[in-house]
Participant: 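Here it is, the structure in full.
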Amino acid sequence: MKKTLIIPIAVAATLIISLTAFKLKDDKPAKSYWPNDAQLVISVSMQFETGGQPEGAESPFSGNPLPKGNPDMPAESWFRYGAKEGIYRMLDLWKKHDIKVTSHVVGEAAIKYPEVAQAIANGGHEIAAHGIAWSDQWNLSYQDELAFIKKGIDTVEAITGKRGRGYNANWLRRGPNTLKVLQDLDFLYHIDDLSRDEPFITKVRGKNFVVMPYTLRNNDIVNIAGKNWSPDQHLAQLKMEFDQLYAEGANKRRMMSISMHDRIGGAPAVVNALNQFIEYAKQHKGVVFMRKDEIANMVKNDPNTPIDNSEIKFNK
């Protein structure tokens, strides 16, 4: 007669735990290509521009411009929304999720709304540079461009107590001297580049300078304002971009960039969409949200950070 082996429940539980522990111990952890062991780093830009816009700046009303010299009252109120509502709503979102972002602040926006600039800094977010005003700099002389950028960082520092180490030109349109100007002003990085999905190093006068690639794909001013996307379309874009970069992050260093503007990204439906995206991203292991200056400092001396001198003719 066949005998049945009966194992006491306590012994069986111990055996299962031991076998599970053995299996976990035998499993190799996933390789990370980031110094902080992340699989994907996400960096959010929150552009504070309200109050720095020139006459006739792009708005929902700029397709039907008024004659020069006539104030466009509804357009001005649309911009004010960023300072009155948009930034504060986004600050509440970052606080809810314990996320720190990078805010490129236009100098004249900080002058007009110092309380907003201070609220961003007080929230622990990076205060980065965005010029003294919405104005072209690609056509300036070296000295004039240096003065333009310096006035912006000096102004914002006087208001917030924080000096910008990262730079964003108006519509990314830097000139051939911009990186040398930034180097002379002790900047750490710039974002006016779309060539990669990870930070990299470029040589400026033979010295390392960090490039933190920006995005036009995950950008509210391009997609929502420019293409009239609905917030759910923007959310779908963010999720699909995340899924692809997260999968790639198992085999290479990947960074996801997201861009929000005060008067657009701070609208209720857009913040709702971004909240849903953050909740989705946080369900995945190895996802880290970081300020751009923190990322740049983390990778600037890392031998695994790529060096790309595609613009060397401008940076000698």
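These numbers come from the heavy atoms of this one structure, side chains and all, not from hydrogens, waters or symmetry mates.
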Participant: Can you tell me how far the CZ atom of Phe314 sits from the OG1 atom of Thr178, to the nearest 0.5 Å?
Facilitator: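 Spacing of CZ (Phe314) from OG1 (Thr178) equals 10.5 Å.
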Participant: Any donor-acceptor pair under 3.5 Å linking the side chain of Ser45 with the backbone of Gln47?
Facilitator: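 Checking the backbone N and O of Gln47 against the side chain of Ser45, no donor-acceptor pair under 3.5 Å is found.
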Participant: May I ask you to decide if Pro268's main-chain N or O and Asn272's side chain share a donor-acceptor pair within less than 3.5 Å?
Facilitator: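 Here the side-chain-to-backbone pair does not exist.
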Participant: Examine distances only and state if a side-chain atom of Asp262 and a backbone atom of Gly86 form a donor-acceptor pair shorter than 3.5 Å.
Facilitator: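 Checked: no pair found.
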Participant: To the nearest 0.5 angstrom, please state how far the CG atom of Leu274 sits from the NE2 atom of His234.
Facilitator: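 Reported to 0.5 Å precision, the distance equals 7.0 Å.
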Participant: State, to 0.1 Å, how close Ala128 and Gly166 come at their nearest heavy-atom pair, and which atoms those are.
Facilitator: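 Result for this residue pair: CB-O, 3.5 Å.
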Participant: Determine the minimum heavy-atom distance between Phe200 and Asp308, stating which atoms define it.
Facilitator: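 Here Phe200 and Asp308 meet closest at CD1-CB, 3.6 Å.
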Participant: Would you say the side-chain atoms of Arg163 pair up with the backbone N or O of Glu157, donor to acceptor, closer than 3.5 Å?
Facilitator: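 No; zero donor-acceptor contacts below 3.5 Å.
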Participant: Is there side-chain contact between Phe277 and Ile258, with at least one heavy-atom pair below 4.5 Å?
Facilitator: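 Heavy-atom side-chain distance check passes, below 4.5 Å.
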Participant: Give, for atom CE of Met256 and atom CZ of Arg217, the distance between the pair rounded to the nearest 0.5 Å.
Facilitator: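 The CZ atom of Arg217 is 8.5 Å from CE of Met256, to the nearest 0.5 Å.
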Participant: Considering all heavy atoms of both residues, which atom of Pro199 and which atom of Ile295 are nearest to each other, and what is their separation?
Facilitator: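 For Pro199 and Ile295, the tightest heavy-atom pair comes out as CG-CG2, 3.9 Å.
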Participant: Side-chain contact, heavy-atom cut-off 4.5 Å: Ile149 with Leu182?
Facilitator: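 In contact.
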Participant: With a 4.5 Å cut-off on side-chain heavy-atom distances among I, L, V, M, F, W and Y, is there a chain of contacts connecting Ile42 to Met90?
Facilitator: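 Looking at the clustering, Met90 is in the same group as Ile42.
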Participant: Got more than 12 heavy atoms from elsewhere within 6.0 Å of NZ, Lys282?
Facilitator: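 Yes, enclosed.
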Participant: Going from CD1 on Ile153 to CD1 on Ile127, what distance comes out if it is rounded to the nearest 0.5 angstrom?
Facilitator: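 Between Ile153 CD1 and Ile127 CD1, I get 13.0 Å after rounding to 0.5 Å.
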Participant: Let's go through Leu238 and Gln276 carefully: what are the C-alpha distance in whole Å and the side-chain angles of both, what is the deciding distance for side-chain contact (heavy atoms from CB on, under 4.5 Å) to 0.1 Å, and is it a yes or a no?
Facilitator: CA-CA 10 Å; Leu238 294 176; Gln276 292 182 55; over 6 Å; no
Participant: Do Thr305 and Lys300 come close enough that some side-chain heavy atom pair is under 4.5 Å?
Facilitator: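 SC-SC contact between Thr305 and Lys300 ruled out.
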Participant: Looking only at atom types and distance, does a side-chain atom of Glu49 sit under 3.5 Å from a main-chain N or O of Ala109, one as donor and one as acceptor?
Facilitator: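 Absent.
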Participant: Does the side chain of Val299 reach to within under 4.5 Å of the side chain of Arg253, using non-hydrogen atoms?
Facilitator: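 Yes, close enough: below the 4.5 Å cut-off.
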Participant: Does Asp192 use its side chain to pair, donor to acceptor, with the backbone of Ala169 at less than 3.5 Å?
Facilitator: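 Confirmed, Asp192 side chain pairs with Ala169 backbone.
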Participant: Taking all non-hydrogen atoms of both residues, which atom of Arg291 and which atom of Gly124 are closest, and how far apart?
Facilitator: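 Distance-wise, the nearest heavy atoms are NH1-O, 2.8 Å.
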Participant: Can you find a heavy atom in the side chain of Trp171 that is under 4.5 Å from one in the side chain of Glu58?
Facilitator: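 Sidechains of Glu58 and Trp171: in contact.
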Participant: Determine, stepwise, if the pair Tyr113 / Glu115 fulfils side-chain contact (heavy atoms from CB on, under 4.5 Å).
Facilitator: CA-CA 5 Å; Tyr113 300 101; Glu115 70 284 358; 3.8 Å; yes
Participant: Okay, side chain of Lys84, backbone of Ser77: is any donor-acceptor separation there less than 3.5 Å?
Facilitator: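 No: the side chain of Lys84 does not pair with the backbone of Ser77.
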Participant: Are Leu179 and Leu188 joined in one hydrophobic group, where the rule is that I, L, V, M, F, W and Y side chains link up if heavy atoms are under 4.5 Å apart?
Facilitator: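 No, no single cluster joins them.
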Participant: Once rounded to the nearest 0.5 Å, what's the spacing between atom CD1 of Ile99 and atom CD1 of Ile278?
Facilitator: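 Here the interatomic distance stands at 4.0 Å.
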Participant: Show your reasoning for whether side chain to side chain donor-acceptor pair (under 3.5 Å) applies to Gln237 and Asn223.
Facilitator: CA-CA 10 Å; Gln237 162 69 24; Asn223 294 332; 5.6 Å; no
Participant: Identify the heavy atoms of Pro71 and Leu66 that sit nearest to each other, and give their distance.
Facilitator: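 Answer, listing the atom of Pro71 first, then Leu66: O-CD1, 3.5 Å.
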Participant: Are Val222 and Met240 connected, step by step, through hydrophobic side chains (Ile, Leu, Val, Met, Phe, Trp, Tyr) whose heavy atoms are closer than 4.5 Å?
Facilitator: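 In one cluster: no.
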Participant: Give a yes or no on whether a salt bridge exists between Glu126 and Lys162, defined as a side-chain N under 4.0 angstrom from a carboxylate O.
Facilitator: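 No, no charged N to carboxylate O under 4.0 Å.
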Participant: A side-chain contact here means heavy atoms from C-beta on lying under 4.5 Å apart; do Tyr246 and Val287 qualify?
Facilitator: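 Sidechains of Val287 and Tyr246: in contact.
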Participant: Count I, L, V, M, F, W, Y as connected when their side-chain heavy atoms are under 4.5 Å apart, and connections chain through other members. Are Val105 and Ile159 then in the same cluster?
Facilitator: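 No; Ile159 is not reachable from Val105 via cluster members.
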Participant: Does Leu172 offer a backbone N or O that forms a donor-acceptor pair with the side chain of Trp138 under 3.5 Å?
Facilitator: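 Between the backbone of Leu172 and the side chain of Trp138 there is no qualifying donor-acceptor contact (under 3.5 Å).
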Participant: Starting at CZ of Arg263, measure out to CZ of Phe48 and round the result to the nearest 0.5 Å.
Facilitator: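 If we round to the nearest 0.5 Å, Arg263:CZ and Phe48:CZ are 11.0 Å apart.
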Participant: Here's a test for you: under side-chain contact (heavy atoms from CB on, under 4.5 Å), which of Asp302, Asn301, Val210 qualifies with Ile201?
Facilitator: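 Exactly one candidate clears the test, Val210.
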Participant: Between His190 (side chain only) and Tyr167 (backbone N and O only), is there a donor and an acceptor less than 3.5 Å apart?
Facilitator: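 No; zero donor-acceptor contacts below 3.5 Å.
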Participant: Salt-bridged, Arg205 to Asp184, with N to O below 4.0 Å?
Facilitator: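 Salt bridge flag = yes for Asp184 with Arg205.
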Participant: Please indicate whether Lys203 has more than 12 foreign heavy atoms, meaning atoms of other residues, nucleotides or ligands, lying under 6.0 Å from its NZ.
Facilitator: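 Yes, enclosed.
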Participant: Run the numbers on Tyr280 and Leu235 for side-chain contact (heavy atoms from CB on, under 4.5 Å), then give the verdict.
Facilitator: CA-CA 10 Å; Tyr280 175 76; Leu235 175 60; over 6 Å; no
Participant: Membership question, hydrophobic clusters at under 4.5 Å side-chain separation (ILVMFWY): are Leu140 and Phe187 in the same one?
Facilitator: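 Shared cluster, yes.
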Participant: Decide whether a cation-pi geometry holds between Lys31 and Tyr33; the criteria are a distance under 6.0 Å from NZ or CZ to the six-membered ring centre and an angle within 45° of the ring axis.
Facilitator: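 Yes; both conditions hold, so Lys31 lies above the ring face of Tyr33.
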Participant: Taking all non-hydrogen atoms of both residues, which atom of Ala119 and which atom of Tyr88 are closest, and how far apart?
Facilitator: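 Heavy-atom minimum between the residues: CB-CE2, 4.0 Å.
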Participant: For Met73, is there any backbone N or O sitting under 3.5 Å from a side-chain donor or acceptor partner on Glu76?
Facilitator: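 Such a contact is absent between Glu76 side chain and Met73 backbone.
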Participant: Go through Met212 and Asp293 one step at a time and tell me if the side-chain contact (heavy atoms from CB on, under 4.5 Å) criterion holds.
Facilitator: CA-CA 9 Å; Met212 296 287 296; Asp293 58 343; over 6 Å; no
Participant: Taking the side chain as every heavy atom from C-beta outward, state whether Trp78 and Ile264 have any pair of such atoms under 4.5 Å apart.
Facilitator: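 Yes, close enough: below the 4.5 Å cut-off.
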Participant: Under 4.5 Å between any side-chain heavy atoms of Asp197 and Lys252, yes or no?
Facilitator: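 Answer no - side chains too far apart.
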Participant: Would you say the ring centers of Phe242 and His284 fall short of 6.0 Å from each other?
Facilitator: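 Yes, the ring centres sit under 6.0 Å apart.
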Participant: In this structure, are over 12 heavy atoms from other groups packed under 6.0 Å from Lys100 atom NZ?
Facilitator: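 Counting other residues, nucleotides and ligands, NZ of Lys100 exceeds 12 neighbours.
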Participant: More than 12 non-hydrogen atoms from neighbouring residues, nucleotides or ligands closer than 6.0 Å to CG on Asn64, yes or no?
Facilitator: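 No - once you tally the heavy atoms of other residues, nucleotides and ligands closer than 6.0 Å, there are 12 at most.
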Participant: Are Lys292 and Tyr189 in a cation-pi setup, meaning NZ or CZ lies under 6.0 angstrom from the ring centre and within 45 degrees of the ring axis?
Facilitator: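 The answer is no; the distance or angle limit is not met.
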